[in-house]
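These notes are about the structure you will find just below.
Letters go in sequence order (proteins before strands), and every chain restarts at 1. Not measured: the values here are computed from a predicted model.
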Amino acid sequence: MKSSVTIEEFLKKQQDCASKAILEGNPKVELFGGLDLTFESPYKTPTRAWACLVVFDGKRVISKTIVEGVVKTPYIPGLLAMRELELMLKAFEKSNIKPDILLIDGHGQAHPRLCGIAMHIGQELDIPSIGVGKKLLVGEFSYPAPRRGAFESIIYKSRVVGYALRTKEGVKPVFVSAGHKVSHAFALELTLSLCKYRIPEPIRLAHLNLKKLR
DNA sequence: GCGACAG
DNA sequence: ATCTTGTCGC
Ligand SMILES: [Mg+2]
């Protein structure tokens with residue numbers, strides 16, 4: 001059996017994670033990983049779930065890895081990692097090809113305790129990571145101009161914790177924040193470079209693969 | 001106490 | 001997060 005972590009314990013883990021945050025770095029990366037999950041019964045717990053890791057080289061998909069598992073924790077805002085981290089790590093471990101950086105469907109530092117799921121994953125694997133959320137969890141921002149590449153800071157407790165980025169002309173922005181060993185500026189530029197549509201290709205393709213699977 | 005709240 | 005075709009708009 002695997003000792004189930006309590007909310008209290010996980011909150012401590014997040015404090016620890018935030019205290020060890022490394023939010024700087026402009027790593028040379030060539031293989032980009034994208035991670036996402038899908039659930040058999042999203043409103044029930046426990047439920048069967050699958051995680052997918054897509055490794056993209058900027059042009060082609062180098063590998064896709066899907067793993068199945070049982071998720072026992074319900075979704076609680078601020079505790080997404082409690083629900084999705086394990087399966088994501090499992091997918092990474094199973095993959096023979098390891099990306100140089102991970103893009104996660106969720107936030108990095110833009111989090112109530114400055115420790116979103118992207119930061120957890122980056123630290124656990126010690127590889128650069130970036131959080132890309134479709135909706136904001138905490139903080140304030142102004143809508144960036146409609147042109148692709150326009151961005152505005154996400155301010156939380158008087159500091160910049162990420163950016164609202166327009167990844168496609170005239171389409172809703174995404175919220176990018178550094179997770180591990182990258183700066184927010186690096187996260188912004190890399191994310192934009194990987195966007196053909198609103199969502200960066202690695203994450204978009206991971207999501208699509210899971211959608212076909214069910 | 002009320003409202004907001006990644007996926 | 002998931003159920004789903006067409007439809008409207010950039
Ligand atoms: Mg997701």
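- Counting any heavy atom pair closer than 4.0 Å across all strands shown, Ile117(A) reaches a base atom.
- Counting non-hydrogen atoms under 4.0 angstrom, Gly133(A) reaches the backbone sugars and phosphates but no base.
- Within 4.0 Å (heavy atoms only), Gly78(A) reaches at least one base atom of the nucleic acid.
- Contacts of Leu35(A) with the nucleic acid, taken as non-hydrogen atoms under 4.0 Å apart, are absent.
- For Asp36(A) and dT2(C), the CG to P distance is 8 Å, given to the nearest whole Å.
- The distance between atom CZ of Phe175(A) and atom P of dC5(B), rounded to the nearest whole Å, is 11 Å.
- Among the nucleotides dG7(B), dT2(C), dC5(B), the one closest to any side-chain atom of Leu80(A) is dG7(B).
- Counting heavy-atom neighbours within 6.0 Å of Lys64(A) NZ, excluding the residue itself, gives a total of 12 or less.
- Judged by distance alone, the side chain of His180(A) and the main-chain N or O of Ile22(A) form no donor-acceptor pair under 3.5 Å.
- dA1(C) atom P lies 6 Å from atom CG of Asp105(A), rounded to whole Å.
- Nearest to the side chain of Leu137(A), among dT2(C), dG7(B), dA6(B), sits dA6(B).
- Rounded to whole angstrom, the span from the NZ atom of Lys135(A) across to the C1' atom of dA4(B) amounts to 11 Å.
- Put simply, Thr38(A) has no side-chain N or O that comes within less than 4.0 Å of OP1 or OP2 on dA1(C).
- For the pair Val55(A) and Thr65(A), the minimum side-chain heavy-atom distance is 4.5 Å or more.
- The NZ-P distance, from Lys168(A) to dG9(C), rounds to 18 Å in whole Å.
- Rounded to whole Å, the distance from CE on Met82(A) to C1' on dC5(B) is 17 Å.
- Within 6.0 Å of atom CD in Glu24(A), 12 or fewer heavy atoms from other residues, nucleotides or ligands are found, so the atom counts as exposed in its surroundings.
- Contact between the side-chain N/O atoms of Tyr75(A) and the OP1/OP2 oxygens of dA6(B) is found at a separation under 4.0 Å.
- Within the 4.5 Å cutoff, side-chain heavy atoms of Leu125(A) are placed close to those of Leu102(A).
- For the pair Leu210(A) CG and dG7(B) P, the computed distance is 15 Å after rounding to whole Å.
- Of the residues near DNA chain C, Glu169(A) and His207(A), the one whose nearest nucleotide (by heavy atom distance) lies more toward the 5' end is His207(A).
- Spacing between atom CD of Glu84(A) and atom C1' of dA6(B) amounts to 9 Å, rounded to whole angstrom units.
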